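To find a chain, count down the sequence lines: A is the first, B the second, and so on, and within it residues start at 1. The structure displayed is predicted, hence computed values, not measured ones.
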Amino acid sequence: MPELPEVTVIVNSLNKAIRGLVLESVEYDWKPKFYWGKFSIKDLKGSKVKDVRRQGKVIIIDLSNGMSIVIHLKLTGQLIYQDKKIRVSGGHPIPPLNKPVPNSTTRVTFAFTNEGHLYFNDMRKFGWVKITKSDEASIKEAIGKVELGPDPMEMTETEFLDRIKKKPQQRIKKLLMDQSFVAGIGNIYSDEALWRAKIHPKRSIASLSDSEIKAIFKGIQDSFKLAIEKGGSSANSFVDGRGEKGLYLTFAKAYHMTGKPCARCGTKIVRQKMDGRSAHFCPKCQVLTKEKPALKLI
DNA sequence: TTCAATGTTTAGAC
DNA sequence: GGTCTAAACATTGA
């Protein structure tokens, strides 16, 4: 699913592609998750795109008339902008991002006066699009009750260290995915970061040494940086006919690699249910206790 | 038919 | 009463 790196990439691309464009019309076939609130399409017509930004995994398109379009891609959402010259896409890779639009997964279509279109596609319909006023209070209300934590890419190591130590009883993977702790990490990057740091996902914060916590922080930033680089190169390739591959997940070392050899030691990556999610990790590199296991690991 | 996928929320347990 | 967890939710393809 799209997490912070994917969202960052699409936000950057959209900023280049649609900033300054004027909205002409909006179409949608899917009311339940498309909230106009007390507003109507008329409120958006003629307004100009001022800025595209994000808060955690939430994408925010600010308009010149004091309104904003707030989008969450959730599990299978994707955003595709296309006009006569360029195509910019990002999000979940199914259906392929180079598939012609609109298609069967297209839920909302924003048309601009330059004849370009921004498509919100979502195969599984877990995502949502909301229209709200641009002030922070309204946007916060649109996003939900969860107070988003700091952005992991804009955080310092010290800040991370201080913050994490306030939750000694929490399990590390669970905490990393808690959006109020840090915004933007989901199942993929918590697995990746912990694999990089060689930390078992079930370790409690209290059991972690400072250097281990620092390694986790580095793991988060490194995997994000790598993903943004990869995603950026694919999403920025302007396509006509020839689709971008979508390097999504091709760099993963742990996530969805069950049964595949660990890139470090060759041990098979295992998948284990915990805290309602499946965690992927290397049972040799990432051990639960610091002590050497009494039993031989095969 | 059941399961799995996700972030967020709610109901329930302690 | 607050904190933590397990389950529910919305939806569809495999």
Can you measure [X] atom [atom1] to [N] atom [atom2] for me and round it to whole angstrom units?
| X | N | atom1 | atom2 | result |
| --- | --- | --- | --- | --- |
| A:Asp122 | C:dC9 | CG | P | 19 Å |
| A:His280 | B:dA5 | NE2 | C1' | 11 Å |
| A:Leu75 | B:dT8 | CG | C1' | 13 Å |
| A:Tyr189 | B:dT6 | OH | P | 13 Å |
| A:Leu73 | B:dA5 | CG | C1' | 15 Å |
| A:Asn187 | B:dA4 | CG | P | 14 Å |
| A:Gln169 | C:dG2 | CD | P | 17 Å |
| A:Asp178 | B:dT6 | CG | P | 16 Å |

* Remember a base hit wins even if backbone is also touched, and classify A:Lys167 as base, sugar-phosphate or nothing at under 4.0 Å, heavy atoms. =>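 If one applies the 4.0 Å heavy-atom cut-off, A:Lys167 turns out to touch nothing in the nucleic acid.
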
* Would you indicate what A:Arg107 reaches in the nucleic acid, counting non-hydrogen atoms under 4.0 angstrom: base, sugar-phosphate, or nothing? =>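 A:Arg107: no heavy atom of the nucleic acid under 4.0 Å.
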
* Asked: Do A:Glu157 and A:Gln221 get their side chains close enough for a donor-acceptor pair, meaning under 3.5 Å?
  ->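 There is no such pair (donor and acceptor under 3.5 Å, judged by atom type) between the side chains of A:Glu157 and A:Gln221.
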
Phosphate oxygens OP1/OP2 of [N]: is one of them under 4.0 Å from a side-chain N or O of [X]?
| X | N | result |
| --- | --- | --- |
| A:Arg277 | C:dT5 | no |
| A:Lys174 | C:dT5 | yes |
| A:Lys125 | C:dT12 | yes |
| A:Tyr255 | B:dT6 | yes |
| A:Lys57 | B:dG7 | yes |
| A:Ser278 | B:dA5 | yes |

* What pair of heavy atoms forms the shortest contact from A:Cys285 to A:Cys265, and how long is it? ->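 Minimum heavy-atom separation between A:Cys285 and A:Cys265: SG-SG, 3.7 Å.
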
* Could you check A:Asp275 against A:Phe126 and say which one's nearest nucleotide on DNA chain C is further toward the 5' end? =>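 Looking at the nearest nucleotide for each, A:Asp275 comes out on the 5' side.
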
* Report the residue (A:Arg171 or A:Met123) whose heavy-atom-nearest nucleotide on DNA chain C is the more 5′ of the two. =>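 Mapping each residue to its closest nucleotide by heavy atoms, the 5'-most match is A:Arg171.
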
* Base of C:dT11 paired with side chain of A:Arg124 (donor-acceptor, under 3.5 Å) ->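 Per atom types, no contact qualifies.
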
* Linked hydrophobic residues, A:Met274 as query - side chain contacts closer than 4.5 Å ->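 Via sub-4.5 Å side-chain contacts, A:Met274 links to A:Val270, A:Phe281.
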
* Decide whether a cation-pi geometry holds between A:Arg107 and A:Trp128; the criteria are a distance under 6.0 Å from NZ or CZ to the six-membered ring centre and an angle within 45° of the ring axis. =>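 That pair does not qualify as a cation-pi contact.
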
* Please tell me which of the listed nucleotides, C:dC4, B:dG7, B:dA4, lies nearest to the side chain of A:Arg271? =>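 Closest nucleotide among those given: B:dA4.
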
* **Salt bridge flag under 4.0 Å for residues A:Glu159 and A:Lys214** =>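 Judged by the 4.0 Å cut-off on N to carboxylate O distance, A:Glu159 and A:Lys214 do not form a salt bridge.
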
